[in-house]
Amino acid sequence: MNMESHILTFKSTANSSGRLKTCRCQIEICRTSNLVIATEIGDGVDVAENSETIANEVVRQFGLNAQRLFFIENYGDNTPFENAYLIDFCVEEGIGLRNPRSFVLPPSVLEKIRLGGKGPDFGRLSV
């Protein structure tokens with residue numbers, strides 16, 4: 001699996017003030033699988049609270065297919081493969097990805113993806 005790594009900058013209101021704040025997280029993209037792994041980078045941004053914003057921004061900036069997106073939240077490199085979730089979104093025409101639902105992702109699955117193996121068969125999860 002060929003993974004690209006980027007630092008994504010985005011605007012979020014998911015903070016105590018309710019005002020727009022510039023935020024960052026690390027993203028890894030595998031274009032052939034339409035897979036995104038979003039990882040917190042320790043600057044106080046909660047990936048879970050921003051998953052909808054991050055997913056929409058990644059789709060927009062990197063031209064990924066929103067209908068077939070596999071989005072994984074990962075909570076920092078200090079706990080690799082222990083705190084990761086597969087996020088499923090509804091796709092609303094003209095609006096984007098909405099209503100995130102998270103599913104526990106077994107550590108072995110993320111480990112296979114990160115180590116460049118074939119990874120899991122996501123075929124049954126396709127929309």
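Note that this is a predicted model, so its numbers are computed, not measured. Sequential numbering from 1 along the given sequence is applied to the chain's residues.
The environment of Arg24 atom CZ is sparse: at most 12 non-hydrogen atoms of other residues, nucleotides or ligands sit within 6.0 angstrom.
One finds the CG atom of Asp88 at 9.5 Å from the CG atom of Leu97 (value rounded to the nearest 0.5 Å). The CG atom of Asn2 sits 7.0 Å away from the SG atom of Cys30 when rounded to the nearest 0.5 Å. Atom SG of residue Cys23 and atom CG of residue Asn50 lie 5.5 Å apart, to the nearest 0.5 angstrom. From Glu28, atom CD reaches atom CD of Glu4 across 10.5 Å, with rounding to the nearest 0.5 Å. Within the model, atoms CD1 of Ile29 and CD of Gln61 stand 8.5 Å from one another, a figure rounded to the nearest 0.5 Å. Here Ile37 contributes atom CD1 and Glu73 contributes atom CD; the two are 12.0 Å apart, rounded to the nearest 0.5 Å.
In this structure, the side chains of Phe62 and Ile27 come closer than 4.5 Å at one or more pairs of heavy atoms. Side-chain contact check for Arg98 versus Asn56: some heavy-atom pair is nearer than 4.5 Å.
Scored by the salt bridge (charged side-chain N to carboxylate O under 4.0 Å, His left out) test, Glu92 finds no partners at all (sequence neighbours excluded).
The aromatic rings of Phe71 and Phe89 sit perpendicular to each other, their planes meeting at more than 60°, with 30° as the lower class boundary.
The heavy-atom pair separating Glu40 from Asp46 by the smallest distance is OE2-CA, 3.5 Å. Nearest heavy atom pair, residue Val91 against residue Ala66, reads CG2-O, 3.7 Å. The two residues Val36 and Val58 have their closest heavy-atom pair at CG2-CG1, 3.6 Å. The heavy-atom pair separating Phe70 from Ser33 by the smallest distance is CD1-O, 3.4 Å. Closest of all the heavy-atom pairs between Leu20 and Lys11 is CD2-CB, 3.8 Å. Minimum heavy-atom separation, Val47 to Asn74: CG2-O, 4.5 Å.
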*Intermediate values then yes/no, side-chain contact (heavy atoms from CB on, under 4.5 Å), Thr22 and Thr9*: CA-CA 7 Å; Thr22 300; Thr9 301; 3.5 Å; yes

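Every pair passing salt bridge (Lys or Arg N to Asp or Glu O under 4.0 Å) that includes a residue from residues 55-67 is listed here, sequence neighbours excluded: Glu57-Arg60.
Hydrophobic clustering, with ILVMFWY side chains joined whenever heavy atoms are under 4.5 angstrom apart, keeps Ile95 apart from Phe10.
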